[in-house]
Structure formats: C-alpha cells, structure tokens
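Chain letters run A, B, ... following the sequence lines, proteins first and then strands; every chain starts at 1.
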Amino acid sequence: MTQALKNLPQINKENFQKDLIGWFEVEQRILPWRQDQDPYKVWVSEIMLQQTRVDTVIPYFNRFVEEFPTIEALSEADEDKVLKAWEGLGYYSRVRNLQAAVREVHEKYEGKVPDNLKEISALKGVGPYTAGAVLSIAYGVPEPAVDGNVMRVFSRILSIWEDIAKVSTRKIFEEAVRELISHENPSYFNQALMELGALICTPTSPSCLLCPVREHCHAFHEGTQHELPIKTKNKKQKAVQLAAVVIKDEKGRTVIHKRPESGLLANMWEFPNMEINLPFIDEREQLKSFLSETYDLEVETGDMVGKIEHVFSHLIWNINVYEAKLKRVPQEMNEIRIVTKGEIAEYAFPVSHQKMLKQFVFSEE
DNA sequence: TATGCGTGGAT
DNA sequence: TATCCAAGCAT
C-alpha cells in the first residue's frame, strides 16, 4: 500500500467532497473559461494554463477564442497567425501541438473533442493532467487531473512526503484522487482542488484558518503545512553568449529570420544572430562572415548598439546587439525576409527579440 | 528518469 | 538580487 492510500481511511470521503465542493460553489473566481463547458474552450484554457498564471492567461484566452472561436477556425488558420496570438505567452510548442491536435479532431472525430481517455490522450500536447481536466470539466468524467496545485494540496491533506519534482510521483497523487473524487461532480471536485491550491493552500503561506477542508488535513493537525510539499530544487540556468544584428537596407527596412521548426522557440521570428564561442575574435567580423555564409547576406557591420539579457527557465541569453547596413540582397530568401515597420508587426517574436525591436529598430521614429 | 521548453510575478 | 515558481508535455 502506498503512503497516500495508507492515510485515506482518516478521510471521511463524503464530508471531504461536500466541504470542498461547497466551498468552490461559493468562492470560485469568475474566469472567462468558466462561462460555459465548450470542450474546445476548456481545452484551450488548459493548454494556456500549463505553467502559466491565471492573470497572464486571461487576456490571451479572450483574444484567442475571439480569433479562433471553434475547432474548425483553428484548424484552418495559418500557423503564423496562431503563433502571433500566442506571442509572449511562452512554451510555444504548446500552441503548435494544440493546432495539430485540433486538426486531428476536425478530420478524425468530425470536430468533436473525444470524451474518453484513450482517444483524448493520443492527441498531441494532451498529457495525463490535460486529459483528466478536459474529460472532467467538459464531460463530467471522474478522471483525476493532477497538477502542481493538486500535489501540493494532497501532500498536505494526506501527509505525503514524496518529492513532487519527480515525474513518477504524480501517479501516487492520481491514485489518491481516484479514491476520493466525487462521481456526482468530478468537474467541481478537480477544479476545487486547483482553486484551493491557488487561493488558500499556497506554496509559502497557506491560509489554513480559511481552509474549508482543514479538519480533514493531516498537515494542519500536525503543524507540518509549511514543510510540505517536498520539492527538490531546479538546476541553475546555463549562460549562452549571442551576437545579434539589426540590418537595415537603404529604405529603412529590416532583415528578420525564421527559426527552425523544432527546438527552442520553434518557427518564431527573430533578428539574425549567432552563438559566440570565440570571444577573442571581433564579433563584428564573426557576424559578417556568418551572415555571408549562412544567408548569402552582404553587410557592413557597425557599432554595438546595446546589450540584452534574457532569462529562460533553463538558460540565459546574453546578447550583444549590433547594427549593420545591407549592401546586397541575396539570391534566395527562404529563412529570411526584409520587412517594413508595418509588416514586422505581423510576425511572432520571442520576448528577447521584442526587446530589440523596441530598443534598436524603430526607436528613432 | 531527467531534461528541454518561456515568461513575468512573488518573495 | 536571486530564487522559485504557475492549471505540464515530449522525448
């Protein structure tokens, strides 16, 4: 028997469900994705909310469902438009996977989001959490939806001291949720656990005196709520040195580059740049030959106009930004384009390059 | 199983 | 300022 299940007999299941769901009915926040149970919109919201705060998601969600209101609309949209709608939200493969999955639903399931675990879990970007969330919220299926909130809340209620940073630990919490989930209202049960984690059972200072289920909580009775959950630290980010260049032609237009279709910031647009592994050689010379060899771009590199530091979850970019004049347009332009100020707004840029855009490209206008 | 994958806000 | 995150998934 797992540690979680060992403590289950201490929980009065019916009262726990009643206290939790009763609290949620009264205290839940009004959020745009709670206006109805349209499976498509529930799905979009769950993808956006992955590793992302509610306050950040709200305006993106409203704009996204306005522009792509249905499965069909998102299926038929250009990926460039979809990425632009996601610009600034991060983890961009989420939305490329979402569109691929929505296209599969459109073609294979006549536009109806699957209502069973097997089919919905086979969709791109739909893992155990998202599958359970969409099934329970949109269709009322009693399936666990274990996210970071649920692990924190249940680690305290059931006194589970497993490391929640480990991928395998999620299964322990899924087992516990399976035992305790309400079959009358699995949607509210799952949402209430997450809402409780967001509003009451917070990471550093849980408001136990306001908690609707504190009488069921092992950690509250033991006074261990500040020690739980156990979570090992992440590793430090690796620093990467880059040189980027803002190239202008005689008309004031600017050269931009489309990133590869996989990996970091896949298919996003950026200013031409390269990693600097040889700091002893003049970066302007390195840039000039890089641009010539890689894109057949002939330029006259000028001064460094600024520095940008950008922190990701797993690395840090230190970017030296140069300006340059375009001397000759290349024969072929597959990955690069030369765009005006008006046109550049149509392209999706990562935040690091939005900083460059703002500071160094059209700042004089 | 551990790591790659973004961003902006909280402490 | 540095750290840790916030409704995870793919590989």
Could you tell me whether the side chains of [X] and [Y] share a donor-acceptor contact shorter than 3.5 Å?
{"X": "A/Q237", "Y": "A/S313", "result": "no"}
{"X": "A/E104", "Y": "A/Y109", "result": "no"}
{"X": "A/S159", "Y": "A/W161", "result": "yes"}

*Rounding to the closest angstrom, what is the interatomic distance between C/dA6 and B/dT1 at atom P?*
24 Å
[X] has an atom [atom1]; how far is it from atom [atom2] of [N], in whole Å?
{"X": "A/I230", "N": "C/dC4", "atom1": "CD1", "atom2": "P", "answer": "15 Å"}
{"X": "A/Q50", "N": "C/dG8", "atom1": "CD", "atom2": "P", "answer": "7 Å"}
{"X": "A/K235", "N": "C/dC4", "atom1": "NZ", "atom2": "C1'", "answer": "17 Å"}
{"X": "A/E309", "N": "C/dT1", "atom1": "CD", "atom2": "C1'", "answer": "11 Å"}
{"X": "A/N234", "N": "C/dA2", "atom1": "CG", "atom2": "P", "answer": "17 Å"}
{"X": "A/I316", "N": "C/dT1", "atom1": "CD1", "atom2": "P", "answer": "14 Å"}
{"X": "A/R53", "N": "C/dG8", "atom1": "CZ", "atom2": "C1'", "answer": "15 Å"}
{"X": "A/I47", "N": "C/dG8", "atom1": "CD1", "atom2": "P", "answer": "11 Å"}

With a non-hydrogen cut-off below 4.0 angstrom, is [X] in contact with a base, only sugar-phosphate, or nothing?
{"X": "A/S45", "answer": "nothing"}
{"X": "A/V150", "answer": "nothing"}
{"X": "A/R34", "answer": "base"}
{"X": "A/V311", "answer": "base"}
{"X": "A/T52", "answer": "base"}
{"X": "A/V351", "answer": "sugar-phosphate"}

*asked:* For A/W86 together with A/Y60, are the ring centres under 6.0 Å from each other?
replied: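 Judged by ring-centre distance (under 6.0 Å), A/Y60 and A/W86 do not meet the cut-off.
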*Check the pair A/E46, A/Y129 against side chain to side chain donor-acceptor pair (under 3.5 Å), reporting the backbone distance first and the verdict last.*
CA-CA 9 Å; A/E46 291 302 338; A/Y129 164 75; 2.5 Å; yes
*Nucleotides bounding contact with chain A, strand DNA chain B, heavy-atom threshold 4.0 Å*: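 First and last nucleotides in contact are B/dT1 to B/dG8.
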Validation: residues 23-35 of chain A side-chain donor-acceptor distances under 3.5 Å, sequence neighbours left out:
| from | atom 1 | to | atom 2 | distance (Å) |
| --- | --- | --- | --- | --- |
| A/Q28 | NE2 | A/Y188 | OH | 3.4 |
| A/R29 | NE | A/E195 | OE2 | 3.0 |
| A/R29 | NH2 | A/E195 | OE1 | 2.9 |
| A/R34 | NE | A/Q191 | OE1 | 3.2 |
| A/R34 | NH1 | A/R29 | O | 3.0 |
| A/R34 | NH1 | A/E195 | OE2 | 3.2 |
| A/R34 | NH2 | A/E195 | OE1 | 3.0 |

*List the steps and the verdict of side chain to side chain donor-acceptor pair (under 3.5 Å) for A/H216 and A/D19.*
CA-CA 10 Å; A/H216 305 276; A/D19 291 341; 2.8 Å; yes
*Closest nucleotide of DNA chain C for A/Q237 versus for A/P128: which of these residues is on the 5' side?*
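Result: A/Q237.
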*Taking the nucleotide of DNA chain C with the closest heavy atom to each, which residue, A/K124 or A/R29, is nearer the 5' end?*
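First, find each residue's nearest nucleotide; the 5'-ward one identifies A/R29.
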_Any side-chain N or O of A/K233 below 4.0 angstrom from OP1/OP2 of C/dC4?_
yes
*Selection: residues 80-103 of chain A, any non-hydrogen atom under 4.0 Å of DNA chain C*: none
*For a salt bridge (charged side-chain N to carboxylate O under 4.0 Å, His left out) with A/E300, tell me which candidate from A/K288, A/K327, A/K248 qualifies.*
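For A/E300, the salt bridge (charged side-chain N to carboxylate O under 4.0 Å, His left out) test succeeds with only one of A/K288, A/K327, A/K248, which is A/K327.
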*Kindly assign one of parallel, tilted or perpendicular to the pair A/F271 and A/H353, based on the angle between their ring planes and the thresholds 30° and 60°.*
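The arrangement is parallel - the two ring planes meet at less than 30°.
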*Report the residue (A/S205 or A/F349) whose heavy-atom-nearest nucleotide on DNA chain B is the more 5′ of the two.*
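Going by which nucleotide is closer to the 5' end, it is A/F349.
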*Say whether, by atom type as modelled, one donor and one acceptor occur between the side chain of A/R63 and the main chain of A/A85 under 3.5 angstrom.*
no
